[in-house]
Amino acid sequence: MAEEKDPESTEAIVAELHKKIKEAFEVFDHESNNTVDIGTIIRSLGCSPTEGELHDFIAEVEEEEPTGYIRFEKFIPVMTTVLLEKRYRPIAEDVLLRAFEVLDPTKRGFLTKDELVKYMTEEGEPFSQEEMEEMLSAAIDPESNTINYRDYITMMVIDEN
């Protein structure tokens with residue numbers, strides 16, 4: 001006998017996802033024009049698509065020439081489905097923490113803005129200037145000009161329970 005999901009429980013899950021998506025959208029809608037960079041917001045919601053998956057996603061949601069940007073009204077139903085299906089499996093919090101700790105060998109618990117920019121633009125697959133600006137806007141504490149990576153990881157990861 002197959003278990004049926006409680007419709008009220010499903011509605012609560014969807015409502016919580018909509019809230020998280022809306023909050024993330026507001027963080028990254030820097031120009032207040034109701035559009036955001038697709039890759040940045042998907043990753044901010046705890047998803048880790050490959051570049052190929054990201055290009056497929058962009059092609060799926062954009063009718064015209066792909067720009068990499070999306071309007072909220074179009075994004076929320078598609079992203080809700082992605083999160084409900086657990087597509088683009090998120091990276092586990094402990095894996096993210098270990099990655100940041102590799103960049104912080106003295107275990108200070110933070111990276112400076114300059115350190116983060118250096119690592120993200122010179123190592124591995126470099127981030128573009130636009131991607132860096134998007135990430136820094138959410139990650140950097142403006143008072144100390146550092147990123148407390150434990151706090152940033154907590155903000156990035158969606159609780160799957």
Query raised in the report: What are the two closest heavy atoms between Tyr149 and Glu101, and how far apart are they?
Result: OH-CG, 3.8 Å
Report task. Find the distance between NE2 (His18) and CE (Met79) and round it off to the nearest 0.5 Å. Result -> 11.5 Å
Requested in this report: Could you pull out all residues at least two apart from Glu122 that satisfy salt bridge (charged side-chain N to carboxylate O under 4.0 Å, His left out)?
Outcome: Lys118
Requested in this report: Taking side chain to side chain contact (heavy atoms under 4.5 Å, CB included) as the test, write out the residues that go with Glu133, two or more places apart.
Outcome: Gln129
Query raised in the report: Does the distance from a Lys or Arg side-chain N to an Asp or Glu carboxylate O, for Glu115 and Arg108, drop under 4.0 Å?
Result: yes
Query raised in the report: Is a side-chain donor or acceptor of Arg71 paired with a backbone partner of Glu73 at a separation under 3.5 angstrom?
Result: no
Query raised in the report: Sub-3.5 Å donor-acceptor pair from the side chain of Glu26 to the main-chain atoms of Glu23, do we have one?
Result: no
Report task. Go through Asp141 and Ser144 one step at a time and tell me if the side chain to side chain donor-acceptor pair (under 3.5 Å) criterion holds. Result -> CA-CA 6 Å; Asp141 174 10; Ser144 66; 3.1 Å; yes
Query raised in the report: If only atom types and distance count, is the side chain of Asp29 paired as donor or acceptor with the main-chain N or O of Val36 below 3.5 Å?
Result: no
Requested in this report: Measure the shortest side-chain to side-chain distance between Val78 and Glu60 over non-hydrogen atoms and say whether it is less than 4.5 angstrom.
Outcome: yes
Query - Set of residues satisfying side chain to side chain contact (heavy atoms under 4.5 Å, CB included) with respect to Val27, sequence neighbours excluded - result: Ala138
Query raised in the report: Where do Tyr119 and Leu103 come nearest, in terms of heavy atoms and distance?
Result: OH-O, 3.4 Å
**Report entry** Contacts of Lys113 that satisfy side chain to side chain contact (heavy atoms under 4.5 Å, CB included) - sequence neighbours left out
**Finding:** Val117, Leu136, Ile140, Asn145
Query raised in the report: Do Thr146 and Leu111 come within less than 4.5 Å of each other through their side chains, counting heavy atoms only?
Result: no
Query - Set of salt bridge (charged side-chain N to carboxylate O under 4.0 Å, His left out) partners for Glu53, sequence neighbours left out - result: none
Requested in this report: Give a yes-or-no answer on whether the side chains of Asn33 and Thr35 include a donor-acceptor pair shorter than 3.5 Å.
Outcome: yes
Query - Pairwise side-chain contact, Phe57 with Val82, heavy-atom cut-off 4.5 Å (strictly under) - result: yes
Requested in this report: Would you indicate whether the side-chain heavy atoms of Tyr88 and Arg43 approach each other to under 4.5 Å?
Outcome: no
Query raised in the report: Rounded to the nearest 0.5 Å, how far does CG of Asn34 lie from NZ of Lys74?
Result: 13.0 Å
Query raised in the report: What pairs with Glu85 under side chain to side chain contact (heavy atoms under 4.5 Å, CB included), at least two apart in sequence or on another chain?
Result: Thr81, Arg87
Query - Joint cluster assignment, Leu96 & Phe110, ILVMFWY side-chain distance < 4.5 Å - result: no
Report summary line: When every non-hydrogen atom of Phe72 is compared with those of Ile21, the smallest separation belongs to CE1-CG2, 4.4 Å
Query - Heavy-atom side-chain proximity of Leu17 to Ile13 below 4.5 angstrom - result: yes
Report summary line: Closest heavy-atom pair, Leu116 versus Met132, reported as atoms and distance to 0.1 Å, is O-CE, 4.4 Å
Query raised in the report: Side chains of Phe25 and Lys20: does their closest heavy-atom pair fall under 4.5 Å?
Result: no
Report task. Please tell me if the side chains of Leu83 and Cys47 come closer than 4.5 Å, counting only heavy atoms from C-beta onward. Result -> yes
